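Following: one structure in structure tokens, then a few remarks.
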Amino acid sequence: MNKHVCKAVFPAAGLGTRFLPATKALPKEMMPLVDKPIIQYGVEEALASGCDQIIIVTGRGKIAIEDHFDVSYELEKMLEERGKADLLAIVRQISEMVHIAYVRQKEAMGLGHAVLMARELVGDQPFAVILADDIIDAEVPCLKQMIEVYNETGCSVLATQVVEGPAISSYGVLDATTVPGQWNGRLFEVKDLVEKPRPQDAPSNLAIIGRYILTPTIFEMLASTEKGAGGELQLTDGLKQLLKKENIYGFTFQGKRHDTGDKLGFLKATVEFALKRDDLGKDFREYLKTLEL
Ligand code: G1P
């Protein structure tokens with residue numbers, strides 16, 4: 001078994017109903033934060049973490065994602081003719097960035113099912129899963145931090161964050177104990193996991209965030225897991241089965257997570273990313289100050 005984490009799976013077959021009508025014809029993964037589609041942030045994080053083999057699980061209506069990472073001859077020719085060297089470089093860099101394999105998930109049957117669709121392309125090696133909705137702004141890419149934990153432990157690693165109050169019901173939740181030592185209380189040994197519990201049933205306030213390093217045993221587990229919450233095959237339920245065979249760790253990453261799958265989260269991320277931009281930040285900050293809030 002290749003023990004090096006070099007493949008990253010992006011489940012991207014979801015319908016994006018929370019952003020209708022924008023997502024009627026546009027994949028939600030293509031919604032831009034300032035001027036870059038959400039999924040490109042995730043792909044760049046994977047590359048910066050040493051995962052150069054990208055697998056995107058798509059579905060009907062998602063062709064714009066494939067076009068985005070492909071060469072666009074007409075656009076490149078037009079930019080070349082008009083002498084727009086800077087834009088040409090941006091457009092070329094996207095298609096040159098990475099090789100991507102696509103697999104279709106024919107029906108939206110859950111996150112666990114989406115991951116299972118990547119089984120043949122991943123093969124018998126540990127791999128990453130990135131949920132592109134969760135954008136993590138970090139000095140060291142979140143996935144890179146998690147791969148370091150995987151390299152030390154050899155076990156699956158789930159990104160976690162404390163979520164207070166009833167909002168915990170929107171997440172997979174860990175029952176876990178802190179591992180003392182090296183990671184300064186940021187590493188947890190998972191005892192159990194529950195997908196979207198009622199607030200009173202949540203075993204802790206440690207929520208699973210959309211970054212996973214998984215051992216290939218997860219595929220066997222998912223293949224024999226029954227449908228769970230919402231009549232879908234849940235990744236969290238597959239992980240519960242995996243726990244019977246292998247240790248799993250939760251890891252509190254360093255960095256700021258933006259939930260761009262939520263309208264308010266999307267707006268907050270847009271404002272924060274725009275403020276950080278060299279070309280926009282100053283003017284945008286001035287503009288925001290003029291608003292009567
Ligand atoms: C999925 C997972 C959930 C996890 C969340 C992180 O839920 O099922 O366990 O906590 O992603 O964003 P979704 O947000 O797709 O409903």
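As the structure is a computational prediction, the values presented were derived from the model and not from experiment. Just follow the structure's listing: the first ligand is 1, and inside any ligand the first atom is 1.
If you look at I208 next to ligand 1, the close heavy atoms, those under 4.0 Å, come from the backbone and the side chain alike.
Listed by first and then second residue, the salt bridge (charged side-chain N to carboxylate O under 4.0 Å, His left out) pairs involving residues 203-215 are E45-R211 (not counting sequence neighbours). The stretch residues 69-79 participates, sequence neighbours left out, in these salt bridge (charged side-chain N to carboxylate O under 4.0 Å, His left out) pairs: E76-R92, K77-E81.
Among all protein heavy atoms, the one lying closest to atom 13 (P) of ligand 1 is K196 NZ, 3.6 Å. Of the protein's non-hydrogen atoms, L131 CD1, 3.3 Å is the one closest to atom 11 (O) of ligand 1.
For ligand 1, the polar-atom distance check against R18 finds no nitrogen or oxygen pair separated by under 3.5 Å. At a 3.5 angstrom cut-off on N or O pairs, E195 counts as close to ligand 1.
With a 6.0 Å radius and a threshold of 12 heavy atoms from other residues, nucleotides or ligands, K227 has its NZ atom at or below the threshold.
Side-chain rings of F251 and Y150 stay apart, their centers remaining 6.0 Å or farther from each other.
A donor and an acceptor atom, one from each side chain of Q241 and S224, are nowhere located under 3.5 Å apart.
The ligand atoms of ligand 1 that sit less than 4.0 angstrom from a heavy atom of G172 are 3 (C), 4 (C), 9 (O), 10 (O). Within ligand 1, the atoms closer than 4.0 Å to a non-hydrogen atom of T236 are 9 (O), numbered from 1 in the order shown.
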| task | In sequence, state the C-alpha distance, the side-chain angles, and the governing distance for E29 and K62, and then conclude on salt bridge (Lys or Arg N to Asp or Glu O under 4.0 Å). | result | CA-CA 9 Å; E29 296 77 11; K62 299 284 184 165; 2.8 Å; yes
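At least one heavy atom of D134 sits closer than 4.0 Å to an atom of ligand 1.
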